[in-house]
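What follows is a single structure, written as structure tokens, with notes after it.
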Number of protein chains: 2
Amino acid sequence: MTAANDPVKDEIRRSGLRATPARLATLLLLRESTSPLTHAEVSQQLADRGIDRATAFRNLNDLAEVGLLRRTELGDHVWRFEAVRGQPQDDTGHPHFLCVDCGTVSCLDDVKLTAGSLRQSAKIGEITEILLRGHCNGCGDTSATRQ
Amino acid sequence: MTAANDPVKDEIRRSGLRATPARLATLLLLRESTSPLTHAEVSQQLADRGIDRATAFRNLNDLAEVGLLRRTELGDHVWRFEAVRGQPQDDTGHPHFLCVDCGTVSCLDDVKLTAGSLRQSAKIGEITEILLRGHCNGCGDTSATRQ
DNA sequence: AGTGCACTTGCAACCGTATTGCAACTGGGT
DNA sequence: ACCCAGTTGCAATACGGTTGCAAGTGCACT
Ligand SMILES: [Mn+2]
Ligand SMILES: [Mn+2]
Ligand SMILES: [Zn+2]
Ligand SMILES: [Zn+2]
């Protein structure tokens, strides 16, 4: 009963992993973030507490493997991690928008394809993820708000 | 008039690049391919002719820069190149489907989003590219054609 | 056809992101 | 309190891609 039951620690334990300080910090950090973070961003935050880059990578991957995080690659050669909201087992992921100019990632909640597009893609395979890329509103307008 | 005018060489020259054997071979290879090729795949083909990895990389990038090729990243940490069909200047790209199991890439011709999805994404920015990921029909059916 | 130079190439060194081998350490069940 | 599978730190490694530089060559201009 050392220091009262920590619910987040329990979540980690229930997933089959040991609730180490590094894992707890990683999970909390990502749960506070509003957008996916890269390994670099995460490990930089954890470096203060003496956590090694490799450990950060392993924990990010481990937590993703058990479903507490989601690991995605949005097309700029960098893995990003985000906390899975809700029950890990029914996590289906959601679409993302990556700004090719500034690298900002936005989580979208329900991008849908037209019926025709769905029919076309069904001939290829089963879609599990949709990624949109382009210029975010911050980067798009080189001129003012009005042309 | 050494060996009759080569139209592909001329295309390369018109783009502002010198028509070297390596560039000619690269462009022809990609024009014959039905799907985007990675640098590894291209340079492996060209290695027989004594073309260096770095040269292959530079030429792929150069040809992409002048619009004869398109360079895309489909979410598996690898650049892929494909020949641009039609006039390079009005190349707008097209959607792709990447099988996360076998890495196969399929070119799609016109994936469209529903009006609602378009409205939602417009709040974020301007979409320039759509990428779908999932399991291709070859990898999806672990069981037979019928369950 | 010959000349000259900017562009291109080969080679090796390098970079950034991510992974791995291994010995030391530790969470947590007993 | 004990113990060991799971975890960590550190260094080495893997991999995709880029870069510096000296040698080579496409091609515009005689
Ligand atoms: Mn997201
Ligand atoms: Mn394509
Ligand atoms: Zn942006
Ligand atoms: Zn497949």
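Side chains are part of it too, since the values below use all heavy atoms of this structure and drop only hydrogens, waters and symmetry mates. Quantities reported herein were computed from a predicted structural model and do not represent experimental measurements. Chain naming here is simple, since letters A, B, ... match the order of the sequence lines and numbering starts at 1 in each.
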Step-by-step side chain to side chain donor-acceptor pair (under 3.5 Å) determination, A/H39 to A/Q44: CA-CA 8 Å; A/H39 160 264; A/Q44 191 181 312; over 6 Å; no
Under 4.0 angstrom between A/T55 side-chain N/O and D/dG9 OP1 or OP2: yes
Protein-nucleotide distance (A/E41, atom CD; C/dG16, atom C1'), rounded to Å: 15 Å
Length of the line joining A/R13:CZ and C/dT26:C1', which is rounded to integer Å: 13 Å
Salt-bridge contact B/E11-B/R31 (side-chain N to carboxylate O under 4.0 Å): yes
Between P of D/dT25 and CG of B/L24, the distance in whole Å: 17 Å
side-chain N/O A/N59 vs D/dT8 OP1/OP2, d < 4.0 Å: yes
Any A/T20 side-chain nitrogen or oxygen under 4.0 Å from OP1 or OP2 of D/dT8: yes
Distance below 4.0 Å between B/R18 side-chain N/O and C/dA6 OP1 or OP2: no
N or O in side chain of B/R23 less than 4.0 angstrom from C/dT8 OP1/OP2: yes
Atom-pair distance (CG on B/L46; P on C/dC11), nearest Å: 14 Å
Phosphate OP1/OP2 of C/dT19 contacted by A/N61 side-chain N/O (<4.0 Å): yes
A/R80 side chain reached by A/L98 side chain, heavy atoms, under 4.5 Å: yes
Protein-nucleotide distance (A/E65, atom CD; D/dG6, atom P), rounded to Å: 13 Å
Side chain to side chain, A/H96 and A/C107, heavy atoms closer than 4.5 Å: yes
Most 5' of B/H39 and B/L17 on DNA chain D, judged by nearest nucleotide: B/H39
Donor-acceptor pair present, A/R58 side chain and C/dG21 base, under 3.5 Å: yes
Sugar-phosphate only, base, or nothing, as touched by B/A40 at under 4.0 Å among non-hydrogen atoms: nothing
Length of the line joining A/I51:CD1 and C/dC25:C1', which is rounded to integer Å: 15 Å
Side chains of A/Q120 and B/D110, donor plus acceptor under 3.5 Å: yes
Given D/dC10, D/dT18, C/dG27, the nucleotide with the shortest approach to the side chain of B/F57: D/dT18
Spacing of B/R14 atom CZ relative to D/dG26 atom C1', expressed in whole Å: 17 Å
Whole-Å distance separating the NZ atom of B/K9 from the P atom of D/dA28: 12 Å
